[in-house]
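Note on naming: letters A, B, ... go to the chains in the order of the sequence lines (proteins, then strands), and numbering restarts at 1 for each one. It should be emphasised that the depicted structure is a prediction, and the values quoted were computed from it without experimental measurement.
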Amino acid sequence: MINKKVANVHEALQGVSDNMTFMFGGFGLCGIPENSINELVKLNLKGLTCISNNAGVDDFGLGLLLHKKQIKKMVSSYVGENDEFERQMLSGELDVELIPQGTLAERCRAAQSGFPAIYTPAGYGTEVAEGKETREFDGKMYVLEHAFKADFSFVKAWKGDAAGNLIFKGTARNFNPAMCGAAKITVAEVEELVPVGTLDPNQIHIPGIFVQRIFQGEIYEKRIEQRTVRQKS
Amino acid sequence: MALDKTGIAKRIAKEVKDGYYVNLGIGIPTLVANYVREDIEVEFQSENGVLGMGPFPFEGEEDADIINAGKQTITTLPGASFFDSAMSFSMIRGQHVDLTILGAMEVSENGDIANWKIPGKMVKGMGGAMDLVASAENIIVAMMHTNKAGESKLLKRCSLPLTGVGCVKKIVTNLAVLEVTDNGFKLLERAPGISVEDIKNTTEGTLIVEGDIPEMSL
């Protein structure tokens, strides 16, 4: 067993610096690496490029980094659930690259899988395809999209072990698996770090080979963005 | 009487067939799930990573780890599955999802759709819409026939930035059901009490009217 376990978030984030490109798992606030984000806020790094489907809300998730003006550029599919984001974007302080959600996932997966680029039909004929190579296959047009290049990817899983094996829960899985191994260093935080040998190898979602560092997060708030319920009749 | 949003959802629900995997967009499309016939088997996909979506949870049973693409707390039904975003869009791009229902700001007579960006206003992003419209074989647009200013949303050419080109097959509005053909919008059905003339007057794009146009049954 190759040990990926580090003592805490501080140790997990060794080597991060200004102007780096980071990937963050999560969809909305679901499945985001809360502890790594909070540590990045404390470290007060600047000039970051963040690849993440969304940009958090004003006082949670990547919104915390935005609030301290640590982010130079966001690469996302859907943003603007927070006022500070909108302010920085409209004032030109923040650079935003919007890309289709499936393309975002696949550009992560391409980086993980050793593909330099992929062809996707998404965005063909729209401004997303402007300046990009296009090609016809079997009568349909596709856009060439390149694999991401990132320094760190920060992912969050439900359970993991010191070997770096990960299991996700529910829709908190989202972008996390495709970001594992998609950056130079993958930092995985888990709600529960279990002894090696207790996870069933048949049930592993991401094998430890894709993870360089793993730690158990101290606190998980797991905030709900849209609480919707039905009444018992 | 023009239909309300519920009426549009009820009419679209009739397009949902037994054995379909369906992706519902935010807004009117979400309502469709409430009106699908109970004697057929349908599974709803949400692109953030769940197939077999159920209703909202009862109060106190919400789970932060189980949400839909609108970030709302949901439940799952027996037979449901969770998966990552890459696999989710494999289902979509790979045309494994049978029917996609989504809203639009504009549709053109050649099937282009615009639904993600208004220049000069805050742009939130396309989310999964571009992947969905670029890939789905069967796309139904649910929208009002005109915008708040009373202008037609069924145009010769879209004026807003496009989400996808030549992809919309069918449109259900508060006034009509229309099919996108090589020659323009073909009128299939009228909302109850709405005349062909009413629809002509509110459709900027080419409208094809052949024979008697039946009223929708809901």
- Query: Passes side chain to side chain contact (heavy atoms under 4.5 Å, CB included), B:K124 versus A:F85? Steps please.
  - Reply: CA-CA 10 Å; B:K124 292 197 169 185; A:F85 184 97; over 6 Å; no
- Item | Which atom of A:T171 lies closest to which atom of B:I67, heavy atoms considered | OG1-N, 2.9 Å
- Step by step, would you call B:D65 with A:R173 a salt bridge (Lys or Arg N to Asp or Glu O under 4.0 Å)? CA-CA 9 Å; B:D65 290 329; A:R173 195 181 314 189; over 6 Å; no
- Part of B:V133 within contact of chain A (heavy atom distance under 4.5 Å): neither
- Message: Less than 4.5 Å to any heavy atom of chain A: does that hold for the side chain of B:E47, its backbone, both, or neither?
- Response: both
- Task: Measure B:F82 against the heavy atoms of chain A and call it side chain, backbone, both or neither at under 4.5 Å.
- Result: both
- Item | Partner chain A: residue of B:T73, B:I74, B:D63 with the largest heavy-atom pair count (under 4.5 Å) | B:T73
- Quick one: does B:R93's side chain get under 4.5 Å of A:T120's, heavy atoms only? yes
- Message: So, taking the atom named OH in A:Y124 and the one named CE in B:M130, what distance separates them when rounded to the nearest 0.5 Å?
- Response: 13.5 Å
- Side-chain heavy atoms of B:V165 within contact of A:T126, under 4.5 Å: no
- Item | Toward chain A, the part of B:D112 with a non-hydrogen atom under 4.5 Å | neither
- Calculate, to the nearest 0.5 Å, the distance between atoms OG and CG belonging to B:S85 and A:L104 respectively. 8.0 Å
- Task: Check A:G125 against B:L162 and note the closest heavy-atom contact, atom names and distance.
- Result: O-CD1, 3.9 Å
- What part of A:E225 is in contact with chain B, defined as an atom under 4.5 angstrom from a non-hydrogen atom: side chain, backbone, both or neither? both
- Query: chain A heavy atoms under 4.5 Å from B:A129: which part of the residue, side chain, backbone, both or neither?
  - Reply: neither
- Task: Give a yes or no on whether the backbone of B:G128 and the side-chain of A:Q101 come within a donor-acceptor separation of less than 3.5 Å.
- Result: yes
- Message: Below 4.5 Å, heavy-atom pairs only: which of B:I66, B:N48, B:V123 has the largest tally toward chain A?
- Response: B:N48
- Query: Between A:V96 and chain B, which part of the residue has a heavy atom less than 4.5 Å away: side chain, backbone, both or neither?
  - Reply: neither
- Note on the structure: Of B:G49, B:S46, B:A69, the largest count of non-hydrogen pairs under 4.5 angstrom with chain A goes to B:A69
- Output for pair (B:M126 CE, A:S76 OG), nearest 0.5 Å, gives 10.5 Å
- Query: Could you give the distance from CG (A:N54) to NZ (B:K71), rounded to the nearest 0.5 Å?
  - Reply: 4.0 Å
- Item | Among B:A86, B:G125, B:G127, residue most engaged with chain A (heavy-atom pairs, under 4.5 Å) | B:G127
- Message: Using a strict threshold of under 4.0 Å (side-chain N to carboxylate O), is an ion pair present between A:R230 and B:E59?
- Response: no
- Examine whether an atom of A:M141 lies under 4.5 Å from a heavy atom of chain B, and if so say whether it belongs to the side chain, the backbone or both; otherwise answer neither. neither
- Query: Hey, which of A:R227, A:Q231, A:R109 has the most heavy atom pairs under 4.5 Å with chain B?
  - Reply: A:R227
- Query: For A:F175, does its backbone N or O pair with a side-chain atom of B:D84 as donor and acceptor, under 3.5 Å?
  - Reply: no
- Task: Check each atom of A:E191 against the heavy atoms of chain B and say whether the ones under 4.5 Å are side chain, backbone, both or neither.
- Result: side chain
